[in-house]
Protein chains: 2
Amino acid sequence: MLDAYDLKILALWQQRGDIGPVEMGEAIHLSASQCSRRMAALKKAGHVRGFHAVLDPVAVGVGLMAYVLLTMKSHSPEAADAFRMRIMGLDEVMECHKLTGEADLILKVATRDLTSFNQLLSHRILAAPEVATARSSIILDEVKSTTALPIRV
Amino acid sequence: MLDAYDLKILALWQQRGDIGPVEMGEAIHLSASQCSRRMAALKKAGHVRGFHAVLDPVAVGVGLMAYVLLTMKSHSPEAADAFRMRIMGLDEVMECHKLTGEADLILKVATRDLTSFNQLLSHRILAAPEVATARSSIILDEVKSTTALPIRV
DNA sequence: CGCCATCACGCACAGTTCGTGCATGCTTGA
DNA sequence: TCAAGCATGCACGAACTGTGCGTGATGGCG
């Protein structure tokens with residue numbers, strides 16, 4: 001069971017994934033050695049999936065991001081697995097979630113430009129035998145973007 | 001201009017935001033001191049927006065995530081700014097993007113359960129004077145989820 | 001009520017990492 | 001051909017990290 005210190009560590013780690021036990025200790029008023037133990041335990045318990053650098057898209061040549069809503073031809077587990085494998089092999093697809101409602105899946109994709117977005121959509125996504133329809137929306141502006149889950153501490 | 005070493009660092013940092021110069025040097029075949037310099041330079045240049053721990057939602061009491069598509073009553077900059085401020089103050093809203101197409105905005109939200117999702121939707125989002133309509137889809141399954149942008153190295 | 005066991009804590013310390021000064025080699029331009 | 005600039009690795013000092021150990025608090029049991 002996570003106590004108040006654990007939640008504080010996790011909350012701060014979501015914002016600052018790069019701090020170590022010394023700085024964490026200063027922030028939550030615990031010694032560095034105790035923070036080191038708790039941080040290791042939280043990792044070991046699987047409460048942290050991973051630590052990631054979040055980049056400026058422009059820096060790595062990403063000029064367009066979009067959402068793509070898909071409906072699928074079949075809802076069989078085999079078709080789902082086949083599509084999942086396909087998606088896992090496409091670096092341009094950052095996220096893929098199965099949804100309730102009209103669309104079956106929602107993808108979040110990142111490409112260099114409209115040309116490569118069109119190529120991804122036409123030759124990889126719509127070309128997949130599992131896909132019935134695709135409806136895409138280009139991201140015009142990022143109002144908010146965080147990986148931080150709400151934590152009550 | 002980013003060279004091959006820089007791109008390798010960024011690519012690995014997206015996967016492993018927690019490694020230091022020693023480990024990075026082993027991975028990309030450069031000395032730890034040179035990696036330290038390059039990593040610091042990449043941060044200073046703003047190519048890295050931040051480092052974040054990505055948590056297991058269950059660990060912090062998040063049991064439901066959903067997308068919410070919004071249409072807005074007005075498209076004035078004032079209304080946009082007002083809504084942006086509102087969204088910034090809601091920890092449950094992880095992402096908010098302005099889109100082309102039928103919907104004006106797409107939100108990605110995280111809540112404890114359906115009850116608190118309903119409360120967020122009814123009392124915070126739909127209650128905002130800027131919002132015309134909202135259409136939500138619960139996430140049933142996460143097929144893929146990464147913050148890593150595609151990088152050609 | 002007292003005792004014992006367990007757990008969380010901070011201190012001390014050894015090992016490792018990190019960041020920087022310096023020397024060297026390579027490349028480019030004049 | 002020479003000089004300047006840049007990238008590199010080595011050496012080293014400072015800081016960090018992780019672990020052993022002792023201590024105190026808490027809870028349960030007799």
Side-chain angles (χ1 to χ4, degrees), chain A residues 1-62 146-153, chain B residues 1-62 146-153:
Chain A
M1 227 291 268
L2 302 177
D3 64 11
Y5 280 128
D6 293 324
L7 293 173
K8 282 177 179 172
I9 290 171
L10 293 175
L12 189 43
W13 247 352
Q14 292 194 119
Q15 309 304 325
R16 289 285 316 282
D18 58 334
I19 70 176
V22 167
E23 200 172 347
M24 184 67 79
E26 285 165 0
I28 70 170
H29 304 110
L30 209 52
S31 73
S33 60
Q34 194 50 8
C35 280
S36 179
R37 290 192 183 94
R38 284 177 172 271
M39 287 156 85
L42 288 167
K43 288 186 210 170
K44 186 174 181 183
H47 299 322
V48 185
R49 282 181 170 177
F51 295 87
H52 304 288
V54 174
L55 309 183
D56 174 22
V58 172
V60 293
V62 168
T146 176
T147 54
L149 296 166
I151 295 186
R152 263 188 230 93
V153 291
Chain B
M1 225 291 265
L2 302 177
D3 66 10
Y5 280 126
D6 293 325
L7 292 172
K8 281 176 180 174
I9 290 171
L10 292 175
L12 189 45
W13 247 351
Q14 292 194 119
Q15 309 303 326
R16 287 288 315 282
D18 58 335
I19 70 176
V22 166
E23 200 172 347
M24 183 68 78
E26 287 165 359
I28 70 171
H29 304 107
L30 207 54
S31 74
S33 59
Q34 192 52 8
C35 280
S36 180
R37 290 191 185 96
R38 283 176 173 269
M39 287 155 86
L42 287 167
K43 287 187 211 172
K44 186 175 183 183
H47 297 323
V48 185
R49 283 181 170 176
F51 295 87
H52 304 288
V54 174
L55 309 183
D56 174 22
V58 173
V60 293
V62 167
T146 177
T147 54
L149 297 166
I151 293 184
R152 269 190 224 90
V153 293

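Taking atom CE on A:Met39 and atom C1' on D:dG18, their separation rounds to 12 Å, with Å as the unit. One atom, CD of B:Gln34, and another, C1' of D:dA7, lie 6 Å apart when rounded to the nearest Å. At whole-Å resolution of the value, CZ in B:Arg37 and P in D:dG9 are 9 Å apart.
Atom NE2 of residue A:His47 and atom CG of residue A:Leu42 lie 6.0 Å apart, to the nearest 0.5 angstrom. Taking NZ of B:Lys8 as the start and CG of B:Leu2 as the end, the distance is 14.0 Å to the nearest 0.5 Å. The distance from the CD1 atom of A:Ile9 to the CE atom of A:Met39 is 6.5 Å, given to the nearest 0.5 Å. Between the CG atom of B:Leu7 and the CD1 atom of B:Ile28 there is a distance of 10.5 Å, given to the nearest 0.5 Å. Distance CZ/A:Phe51 to CG/A:Asp18: 10.0 Å, rounded to 0.5 Å.
At the phosphate of D:dT8, OP1 or OP2 sits under 4.0 Å from a side-chain N or O atom of B:Arg38.
Counting only heavy atoms from C-beta outward, the side chains of B:Arg37 and B:Leu30 never approach each other to under 4.5 Å. A 4.5 Å side-chain heavy-atom check between B:Leu149 and B:Leu10 finds every atom pair outside the cut-off. Two residues are said to be in side-chain contact when any heavy atoms from C-beta on lie closer than 4.5 Å; B:Cys35 and B:Glu26 fail this criterion. In this structure the side chain of A:Arg16 reaches within 4.5 angstrom of the side chain of A:Glu23, judged on heavy atoms. The shortest distance between side-chain heavy atoms of B:Ile151 and A:Leu55 falls below 4.5 Å.
Taking the C1' atoms of five terminal pairs at each end of the helix from C:dC1-D:dG30 to C:dA30-D:dT1, the two resulting helix axes are inclined by 20°, rounded to 10°.
With a cutoff of under 4.0 Å to any heavy atom of chain A, the contacted region of DNA chain C is bounded 5' to 3' by C:dA8 to C:dC11.
For DNA chain D, the residues of residues 7-26 of chain A within the heavy-atom distance limit of 4.0 Å (strictly under) are A:Gly20, A:Pro21, A:Val22, sorted by number.
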